[in-house]
Each structure stands twice: as structure tokens, then as C-alpha cells.
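Right, one structure below, let's go through it.
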Amino acid sequence: MGIANKLRLSSSLSRILHRRILYSSASRSFTTSEGHRPTIVHKQGLDILHDPWFNKGTAFTMTERNRLDLRGLLPPNVMDSEQQIQRFMTDLKRLEEQARDGPSDPNALAKWRILNRLHDRNETMYYKVLINNIEEYAPIVYTPTVGLVCQNYSGLFRRPRGMYFSAEDRGEMMSMVYNWPAEQVDMIVVTDGSRILGLGDLGVHGIGIAVGKLDLYVAAAGINPQRVLPVMIDVGTNNEKLLKDPMYLGLQQHRLEDDNYIDVIDEFMEAVYTRWPHVIVQFEDFQSKWAFKLLQRYRCTYRMFNDDVQGTAGVAIAGLLGAVRAQGRPMIDFPKMKIVVAGAGSAGIGVLNAARKTMARMLGNTETAFDSAQSQFWVVDAQGLITEGRENIDPEAQPFARKTKEMERQGLKEGATLVEVVREVKPDVLLGLSAVGGLFSKEVLEAMKVSTSTRPAIFAMSNPTKNAECTPQDAFSILGENMIFASGSPFKNVEFGSGHVGHCNQGNNMYLFPGIGLGTLLSGAPIVSDGMLQAASECLAAYMSEEEVLQGIIYPPISRIRDITKRIAAAVIKEAIEEDLVEGYREMDARELLKLNEEELMEYVENNMWNPEYPTLVYKDD
Ligand SMILES: NC(=O)c1ccc[n+]([C@@H]2O[C@H](COP(=O)([O-])OP(=O)(O)OC[C@H]3O[C@@H](n4cnc5c(N)ncnc54)[C@H](O)[C@@H]3O)[C@@H](O)[C@H]2O)c1
Ligand SMILES: O=C(O)C[C@H](O)C(=O)O
Ligand SMILES: [Mg+2]
């Protein structure tokens with residue numbers, strides 16, 4: 001950390017102490033209206049925002065935000081009441097329009113609003129409804145509807161949820177974290193809004209994705225909802241539409257770059273780990289150019305991971321191993337699979353690195369094993385096939401650039417199109433993480449017919465629904481009933497009429513991140529190691545029975561997400577024990593943890609999962 005930053009942090013620390021002393025004075029009252037007769041408010045922070053009499057929402061001035069401990073609890077753009085009403089009216093009128101994401105539910109946004117209102121009123125009931133109906137409502141609180149929510153966030157914004165740190169808050173974050181009411185926070189999901197699903201830069205409105213991910217942490221992993229914190233770091237936006245939109249809730253400036261950007265993220269990390277030293281921070285939907293850099297920067301010092309890079313990789317590997325088993329072959333045949341990947345961003349490169357590592361391990365981890373694994377992948381991005389002939393190649397993609405000579409022998413050259421690559425390579429698997437809806441066109445799917453596999457697999461993993469590389473209907477109708485299909489967002493199974501169904505698997509990182517977070521939390525491991533991530537992925541791969549994979553079912557249904565999450569958490573803890581990383585959690589110290597057998601470990605996980613039951617608040621005297 002730079003000296004200037006250190007000075008800023010220490011001045012902010014002294015301000016906290018100063019403020020805490022001031023605020024502990026007897027009345028805790030403040031004047032809230034300037035120029036009018038003052039109103040005395042005896043509340044602070046979230047209590048004010050939740051009080052309809054005092055609440056002004058985004059219209060709280062900066063002075064009020066500072067004095068009333070509101071800083072960070074609202075999106076950064078201060079609006080006047082006229083603007084607020086305009087925002088509200090625009091949203092009200094939009095109800096008449098059909099807001100839908102491709103083929104998904106036309107009432108999805110209306111359902112989201114109803115659930116969100118319940119969340120505001122009664123948290124226990126909200127999570128009970130969500131857990132009991134997870135299959136029906138995960139697509140509302142999570143992908144794909146959450147994408148639509150972020151796109152319409154300025155209208156949907158009612159009660160703020162989570163914290164906002166902005167470029168304007170530099171030097172203040174260490175005091176702002178104390179505005180959050182919870183003494184303990186276990187899980188933070190943070191985004192900078194720069195790549196929300198496949199929808200691009202949504203700026204501050206991307207907070208919805210952090211809220212949606214944490215809903216799954218509560219529903220699937222049983223993390224206590226009082227101890228989760230969604231965070232938006234607003235460093236500006238490069239979305240020109242938002243920059244011009246008077247209703248935009250975030251900073252209307254271009255994104256910070258270089259060290260200015262890093263300084264903000266560093267300050268945020270310092271602040272949250274100072275207040276909550278054991279918190280786990282999940283990085284979500286950061287554009288690739290920062291996703292890898294931030295992961296490298298923090299992963300050895302903080303308990304953090306990047307869901308798009310590491311969670312996606314684990315889910316993809318589990319699915320790819322399922323696709324091998326679905327052919328009636330053992331998992332150890334994985335290194336023989338020819339895989340074409342469309343998309344070389346944070347998700348695509350994350351999958352490639354993990355798949356190469358898994359193959360190399362299966363081949364004995366020698367140097368030749370590594371080379372041999374490397375030669376199983378062909379990567380196509382927006383500019384076509386990536387070869388060593390590519391100018392200004394992205395350093396993350398460099399290891400997967402194919403040798404020019406070798407490609408010539410296959411009849412391919414730098415920049416070859418996806419259809420050319422599929423025709424020449426005849427891959428076993430075509431995997432999309434490109435964010436380009438319909439990329440696996442009829443022509444590409446027809447080309448997959450030449451696949452040398454007995455059961456070719458299509459992974460159309462981009463989100464939300466309209467960004468999926470193809471639909472299961474298209475894929476099954478061209479490649480036949482035998483094919484294996486997975487998509488990032490949920491689709492219905494395809495009926496063939498003969499009683500046979502084409503199974504549509506949901507290949508989404510939601511099957512891993514809750515278990516990775518819960519396992520890390522309960523082990524007390526100070527970092528999230530590669531081994532812990534691998535254990536999570538292997539546990540997911542092994543979860544499906546032989547019978548299921550032979551039917552083309554390579555991922556569990558979402559109705560089993562709580563059970564699979566529990567098992568993944570136990571696998572993560574076990575690996576942390578093996579790597580000597582455990583430090584214990586609450587009353588379970590590291591030594592006790594080491595003594596647990598498999599069954600006791602599972603029990604330990606289960607006992608630490610929150611269930612949505614009303615607590616007894618008042619006991620009878622007698
Ligand atoms: N299913 C899941 O669990 C999961 C997890 C993470 C990300 N995703 C999805 O993956 C997508 C990509 O995420 P990202 O972070 O890697 O994004 P990104 O923007 O960093 O990367 C997109 C990549 O696709 C490439 N691309 C663009 N047009 C292409 C084309 N016509 N042909 C081939 N490649 C093309 C780009 O060059 C880039 O390499 C998003 O839609 C996201 O929602 C899904
Ligand atoms: O959010 C999801 O549904 C998966 C993934 O994290 C994504 O960015 O698409
Ligand atoms: Mg994501």
C-alpha cells in the first residue's frame with residue numbers, strides 16, 4: 001500500500017474514533033433539514049432508511065449521509081425529489097411493457113418484485129419460500145431474471161440492500177464499514193459491475209448480481225442472512241448509455257484505470273478485513289482484465305476467490321467428466337477428449353487452465369503430460385482461432401495459442417472461424433463462454449455432426465438465457481437424442497415424443513460457490529487453495545450416479561442444491577485438513593476438527609447451516 005493511502009487510512013481511523021465518541025453522547029440526535037426548522041432524528045444508519053417517516057432514499061445529501069452514518073448504505077448519486085419521482089414513475093409505467101429475457105418467463109420481473117418486498121418485510125419467511133420452492137424461484141432471484149433486474153435497477157431500486165463504496169469514498173472506507181449494522185459478516189460478494197453476466201458494463205446497477213449470489217448462499221449453503229453482505233464498488237462506468245442517463249444511480253464518470261483502480265479495491269479489502277478479519281470475499285463479474293490480476297493480488301493473503309474464474313472452472317470440469325462417463329468410459333479417459341472452447345475471457349480461460357491441469361494430473365503430471373494436455377484444446381475468441389500468429393495476444397490466452405505449423409497441418413490458420421475449427425477438429429465437446437447468444441448456429445451444430453465422439457457434448461454456458469450460445473431444442477434437433485447438453489441458465493428438457501427426453505443440464509457455478517464458501521468458513525482456512533477448489537469440483541463430479549450420467553444427466557437438479565452444497569463443503573474442509581490449513585470456526589477449534597470422521601464432519605456442516613425458522617424472542621416467565 002502506498003504511503004499516501006496509509007496516511008489516508010490512518011486519518012480515517014482517527015475520524016472513526018472521533019465519531020464514535022461523539023455519537024455515544026446521550027441524545028444521538030441530529031438536525032436533518034437545512035434552512036428549515038430542524039427535525040430531530042434519534043436513529044442512525046439503516047434504521048433511518050427503514051423508517052418511512054425519515055427515509056429520503058437517494059435524496060439524502062452528502063452532509064446527511066456523513067452525519068447520520070448513512071455513507072455506503074446508498075448508491076453514490078445524490079438525487080433531488082423530482083428526480084426520484086421521475087425514476088419511480090418511469091418504473092411504474094414500465095409495468096405495462098413486457099420486460100422479458102428471451103424465452104424466459106414474461107412475469108419474471110413481477111415475481112421478483114413480490115419476492116423482494118417479502119425479503120424487505122420478513123427475512124425468515126422469504127428464505128423459507130425460496131428454499132421450499134428453489135426450482136421455481138432460483139431463476140427469479142438468480143440467473144436469468146437477476147440480469148433483467150440489473151438492467152432495470154434504477155426503476156426497481158427501493159430499499160437499499162448491501163453497501164456501496166465509490167471512487168469518491170477514497171480515504172473513507174475504513175470508517176464506512178462501521179456503518180454496516182452487523183457485528184459479524186461471514187460472506188461478502190463484491191462486484192464492480194463491469195461485466196454483469198453476458199450483459200456487459202451495468203455500472204452500479206450490477207449490485208443485483210451480488211444480492212442474487214448471496215440469496216443462494218443463504219438458500220443452498222445455509223449461511224445466516226444476517227451475516228451476508230452484498231457490495232458494489234463503483235469506480236464509474238464505460239457504458240455510454242448510463243453515463244447520459246439522468247436516472248442512473250452511480251457515479252457518472254468513466255471507470256478508473258491502472259493504479260487509481262487498484263487503490264480503491266485495495267482500500268476496500270483493507271477496510272472489510274480490518275472490521276471482519278474472518279470474512280470470505282467472493283469476487284463476481286469483474287471484467288477479465290481485472291479478474292485475473294485481482295485474484296493473483298489477493299489470493300495468497302486473503303480468504304477470497306473469483307467465482308467466474310474458479311467456480312466456473314470447477315463446474316465445467318465436473319460436467320466434462322460427466323460427459324466422459326456418459327459415453328460409458330472411465331473418467332481417466334478425459335485427457336483423450338478434444339475440446340473446442342468459444343470465449344477466452346475470465347470464464348473461458350479459467351475453464352481451460354483447470355481442464356489442462358486435470359488432464360495433466362491424470363497423465364502423471366510430467367512435462368510431456370502437460371504438453372499432451374495442452375494439445376487437446378482449440379480456443380476461438382472474437383477474432384477467431386487463437387494461434388501463435390496472433391498479434392497482441394492476451395497474456396492469459398497465450399498458453400493456449402496453437403502452433404502455426406501444427407494448425408496448417410490440420411488445415412487451420414490464425415483467426416479461423418468457429419465453424420471451420422469444428423469441421424476440422426471434429427471435437428468431442430464444444431463449450432461456449434462467449435456471451436454471444438446464438439453463436440452455435442445451425443451451421444456450427446451441423447458441423448458438430450462430424451464429431452468423432454459417440455456422444456458429442458454441447459456446453460452453452462453463457463448467461464442470461466438470451467446469451468446462451470444455443471438452445472437445447474436446436475442442439476438436440478440437429479445432433480440427435482444421444483447428445484449431452486448443458487447451459488448456464490435454465491432451459492426445459494426437450495421432449496422427443498417417443499417418451500424419450502433430451503436432458504437439459506444447468507452448468508452453472510451455483511453448484512460450487514456456496515459449498516466453497518461454506519467449507520472455507522467452517523474450516524477456518526486463511527486462503528482458498530487450488531486443492532480446496534479441486535476437491536469441490538471432484539465432489540460435484542462424483543455426485544451423479546452411473547445410471548444418471550448414462551441418461552445424459554451430468555449435473556444434479558437444483559432441488560438437490562442444499563444436499564450437494566453440504567457435501568461439497570465437507571469435501572473442502574477435508575482437503576483443508578489435508579493441506580494443514582484449518583484454523584477452526586467458533587467453538588470448533590482446529591484440533592477438534594482434525595478428530596472428526598466423515599460422518600461427524602457432515603454432521604458438523606449440517607449443524608452449522610442456518611434454517612429459516614422463527615427464533616423464540618420472549619420466553620414465558622413460569
Ligand atoms: N455458466 C456459468 O456458470 C458461467 C460462469 C461464468 C461466466 N459465464 C458466462 O460466460 C460469459 C463470458 O464471461 P467472461 O467473464 O469470460 O466474459 P468476457 O467478456 O471476459 O469474455 C468473452 C470472451 O468471448 C469472446 N467472444 C466474443 N465474441 C465471440 C465470438 N463471436 N466467437 C467466439 N468468441 C467470442 C471474447 O473475445 C472473449 O474472449 C458470460 O455470458 C457469463 O455470463 C457463465
Ligand atoms: O451468475 C451466473 O449465473 C453465473 C456466472 O457467475 C455468470 O457470470 O454468468
Ligand atoms: Mg458471474
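As the structure lists them, so they are numbered: ligands from 1, and atoms in each ligand from 1.
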Any N or O of V436 that comes nearer than 3.5 Å to an N or O of ligand 1? no
Give a yes/no on ligand 1: does L433 have at least one heavy atom closer than 4.0 angstrom to it? yes
Heavy-atom closest pair (M359 atom, F334 atom, distance to 0.1 Å) is CE-O, 3.4 Å
With a cut-off of 4.0 Å, which atoms of ligand 2 are near a heavy atom of L197? 1 (O), 2 (C), 3 (O), 7 (C), 8 (O), 9 (O)
Mind checking whether S288 has an N or O less than 3.5 Å away from an N or O of ligand 1? yes
Identify which protein N/O/S atoms are less than 2.8 Å from the Mg ion (ligand 3). E284 OE2, D285 OD1, D308 OD1
Just one of D234, T237, D201 clears the side-chain hydrogen bond (donor to acceptor under 3.5 Å, both in side chains) bar with R255, so which one? D201
Geometry only, no angles: is A382 polar-contacting ligand 1 at N/O separations under 3.5 Å? yes
In ligand 2, which numbered atoms sit nearer than 4.0 Å to a non-hydrogen atom of T143? 1 (O), 2 (C), 3 (O)
How about CD on E443, more than 12 heavy atoms from neighbouring residues, nucleotides or ligands closer than 6.0 Å, or not? no
Of I386, L199, T417, N509, the one whose closest heavy atom lies nearest atom 3 (O) of ligand 1 is N509
For Y142, take its heavy atoms, then give the atoms of ligand 2 lying under 4.0 Å from any of them. 1 (O), 2 (C), 3 (O), 4 (C)
Over 12 foreign heavy atoms within 6.0 Å of NZ, K111: yes
Under a 4.0 angstrom heavy-atom cut-off, which atoms of ligand 2 come close to D285? 8 (O)
Given that the side chain starts at C-beta and the backbone is N, CA, C, O, which of these parts of I349 lies under 4.0 Å from ligand 1, counting heavy atoms, or is it both or neither? neither
Min over N467, N463, N306 of heavy-atom distance to atom 41 (O) of ligand 1 lands on N463
Would you find more than 12 non-hydrogen atoms of other residues, nucleotides or ligands less than 6.0 Å from K426 atom NZ? yes
Which ligand 2 atoms does D307 reach within 4.0 Å, using its non-hydrogen atoms? 6 (O)
Any atom of ligand 1 sitting under 4.0 Å from a heavy atom of V315? no
Approximate separation, where rounding is to 0.5 Å, of F476 CZ and L445 CG: 11.5 Å
Check: G488 N/O within less than 3.5 Å of ligand 1 N/O: no
Partners of E240 by side-chain hydrogen bond (donor to acceptor under 3.5 Å, both in side chains), sequence neighbours excluded? H254
Rounded to the nearest 0.5 Å, what separation is found between the CD atom of E548 and the CG atom of N505? 10.0 Å
Under 4.0 Å between heavy atoms, the region of R195 that gets near ligand 1 turns out to be side chain
